[in-house]
Each structure stands twice: as structure tokens, then as C-alpha cells.
Amino acid sequence: MVEVLVLMGVSGSGKTTVGQLLATRLGWQFVDADDYHSSANVAKMRRGVSLTDSDRRPWLDVLHRAMLDWTARRQPTILACSALKAAYRQRLSTDIQGLAWVYLEGSLALLRSRLNARSNHFMSVDLLRSQLDTLERPENALIVSIDQSPEAIAQGIIQHYGLVRAGLLTGDP
């Protein structure tokens with residue numbers, strides 16, 4: 001049974017939009033991994049500087065501890081997280097039961113247009129190419145094309161994993 005669903009992909013792939021939609025439909029907690037970045041990491045990205053593995057390591061560790069806490073508390077959670085490399089996904093997956101991955105995949109043109117339409121986000125459109133170059137396509141994830149509506153994406157994910165409203169996980173009405 002899925003208790004933590006990670007929506008992964010590059011910036012502009014719809015992780016937050018789809019994640020919030022899923023959380024609302026399912027009554028699950030929604031968490032954006034961007035909120036866990038250090039101020040130093042955010043400042044780098046605002047300047048258009050790519051993060052290194054050493055920049056990301058503490059961020060991944062904090063996220064992993066949070067995931068352990070959610071599963072220990074049986075708090076069903078949708079996590080929006082880029083998780084670009086297999087090593088990052090492995091770090092996040094360690095000792096996490098009930099974890100499932102969804103890779104939101106889209107064309108460079110669609111991603112770029114979405115990023116250009118954004119306001120008030122620290123991620124620079126200039127970093128998109130770097131993210132795509134860093135991305136290692138996941139082997140054990142549901143791969144979903146983002147060229148459909150967020151509602152259709154969410155419904156497909158719910159159906160694929162057989163996700164249910166939060167109260168039904170513990171037998172609550």
C-alpha cells in the first residue's frame with residue numbers, strides 16, 4: 001500500500017500542481033521538497049547557479065528523515081521532489097516502506113514555456129538545461145507525460161496505484 005508518493009521531475013514538470021491536486025482529492029498531506037532547501041541553496045538557484053551533489057546531500061538527508069517520520073506516523077504524503085539522480089532516489093528510499101515514484105516527463109519546449117510563465121519562484125529558467133542534463137530517467141517509477149491536464153495526470157496516478165482517501169488507510173470512515 002502506498003503511503004508516500006514522490007512526484008519527481010525537473011522544474012516546471014507540474015510536481016506541485018499535480019501534488020496539491022492529489023493531496024486534495026485523497027486527503028493526504030502535501031509537501032514540497034523545495035521548502036526544505038537551505039537558504040544558501042535557494043540563493044544559488046536564484047543566481048542561476050546549479051546545485052552540486054554536496055549542496056544537495058544535507059537537503060536529501062532532511063527529506064529522508066521527514067519521510068521516515070511520515071511513515072512511522074502513518075501519515076500518507078505526496079512529496080514533490082526533483083530527485084534527478086538515481087543516487088538521490090536511493091538515498092530517499094532507504095528504509096521507507098510504502099513508497100512509490102511518479103516521474104513527470106515533458107518536452108524541453110513545454111517545460112521552458114511553463115517556467116517562463118511562472119512568477120515568484122526561485123528556480124531560474126536558465127537552470128532547466130542543467131537539470132535535464134543531470135536527470136537520470138528512473139527505472140522503477142510510473143512515467144507520466146505532462147502533455148495532458150493536471151486532472152488527467154492525477155486521475156491516472158490514482159488509478160495506477162489504487163490510491164484511496166486517507167481515512168481509508170487506517171479503516172477510519
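None of these values were measured; they are calculated from a predicted model.
- Side chain of Trp28 to backbone of Glu3: no donor-acceptor contact under 3.5 angstrom is found.
- Leu128 and Val49 are members of different hydrophobic clusters when ILVMFWY side chains are connected at heavy-atom separations under 4.5 Å.
- Taken from CZ in Arg112 to CG in Leu132, the straight-line distance is 8.5 Å, to the nearest 0.5 Å.
- Rounding to the nearest 0.5 Å places CD of Gln155 at 12.0 Å from CD1 of Ile153.
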Begin with the C-alpha distance, continue with both residues' side-chain angles, and end with the deciding distance and a verdict on side chain to side chain contact (heavy atoms under 4.5 Å, CB included) for Ile146 and Arg114.
CA-CA 11 Å; Ile146 63 169; Arg114 287 180 173 191; 3.5 Å; yes

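- Not counting sequence neighbours, Ser107 has no partner by the side chain to side chain donor-acceptor pair (under 3.5 Å) test.
- Between the side chain of Lys15 and the backbone N or O of Ser82, no donor-acceptor pair lies under 3.5 Å.
- Asn41 places a side-chain N or O within 3.5 Å of a backbone atom of Asp55 that can act as its donor or acceptor partner.
- Ile158 and Arg25 make their closest contact through CD1-CD, 4.0 Å (heavy atoms, listed as atom of the first residue, atom of the second, distance).
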Using a 3.5 Å cut-off and no angle test, enumerate the donor-acceptor pairs between side-chain atoms of residues 17-24 and protein atoms at least two apart in sequence or in another chain.
from, atom 1, to, atom 2, distance (Å)
Thr24, OG1, Gln20, O, 3.0

Working for side chain to side chain contact (heavy atoms under 4.5 Å, CB included), residues Trp70 and Ile96:
CA-CA 10 Å; Trp70 304 329; Ile96 304 294; over 6 Å; no

As a quick check of understanding, evaluate side chain to side chain contact (heavy atoms under 4.5 Å, CB included) for Asp69 and Arg65, giving each step before the final call.
CA-CA 6 Å; Asp69 180 60; Arg65 285 191 298 276; over 6 Å; no

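- Note that CZ of Arg56 is 14.0 Å distant from CG of Asp61, once rounded to the nearest 0.5 Å.
- Of the possible polar contacts, none joining the Tyr103 side chain to the Glu139 backbone as a donor-acceptor pair under 3.5 Å is found.
- Side chain of Gln131 to main chain of Ser11: a donor-acceptor pair is present (N/O by atom type, distance under 3.5 Å, no hydrogens or angles).
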Using the rule given for side chain to side chain contact (heavy atoms under 4.5 Å, CB included), can you reason through His160 versus Val144, listing the C-alpha separation, both sets of side-chain angles and the distance that settles it, and then say yes or no?
CA-CA 11 Å; His160 179 84; Val144 178; over 6 Å; no

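- A side chain to side chain contact (heavy atoms under 4.5 Å, CB included) with Ile157 is found for one member of Leu26, Val2, Leu7 and no other, namely Leu7.
- For the atom pair CG of Leu142 and CD of Glu105, the computed distance is 11.0 Å after rounding to the nearest 0.5 Å.
- Leu51 has its side chain within reach of His37: a pair of non-hydrogen atoms, C-beta onward, lies under 4.5 Å apart.
- Taking CD from Gln97 and CG from Leu68, the interatomic distance works out to 10.0 Å, rounded to the nearest 0.5 Å.
- Of all the heavy atoms in Met67 and Leu92, the pair that sits closest is CE-O, 3.6 Å.
- The side-chain contact (heavy atoms from CB on, under 4.5 Å) test applied to Ser145 returns Asp147, not counting sequence neighbours.
- Taking Asp95 as the reference, nothing meets the salt bridge (Lys or Arg N to Asp or Glu O under 4.0 Å) condition, with sequence neighbours excluded.
- Hydrophobic clustering (side-chain heavy atoms under 4.5 Å, transitive across Ile, Leu, Val, Met, Phe, Trp, Tyr) groups Leu84 together with Tyr36.
- Salt-bridge formation is detected for the pair Asp133/Arg129: a Lys NZ or Arg NE/NH1/NH2 atom is positioned less than 4.0 Å from an Asp or Glu carboxylate oxygen.
- Looking at every heavy atom in both residues, Pro138 comes nearest to Ile143 through O-CD1, 4.1 Å.
- Shown here are the side-chain contact (heavy atoms from CB on, under 4.5 Å) partners of Ala33, two or more places apart in sequence or in another chain: Trp59, Leu63, Leu79, Cys81.
- The two residues Trp101 and Asn140 make their nearest non-hydrogen contact at CB-O, 4.0 Å.
- Residues meeting the side-chain contact (heavy atoms from CB on, under 4.5 Å) test with Thr94, sequence neighbours left out: His64, Gln90, Arg91.
- A donor-acceptor contact shorter than 3.5 Å links the side chain of Thr77 to the backbone of Gln75.
- Two residues are said to be in side-chain contact when any heavy atoms from C-beta on lie closer than 4.5 Å; Asp53 and Lys85 meet this criterion.
- Looking only at side-chain heavy atoms (C-beta outward), Thr134 and Ser130 come within less than 4.5 Å of each other.
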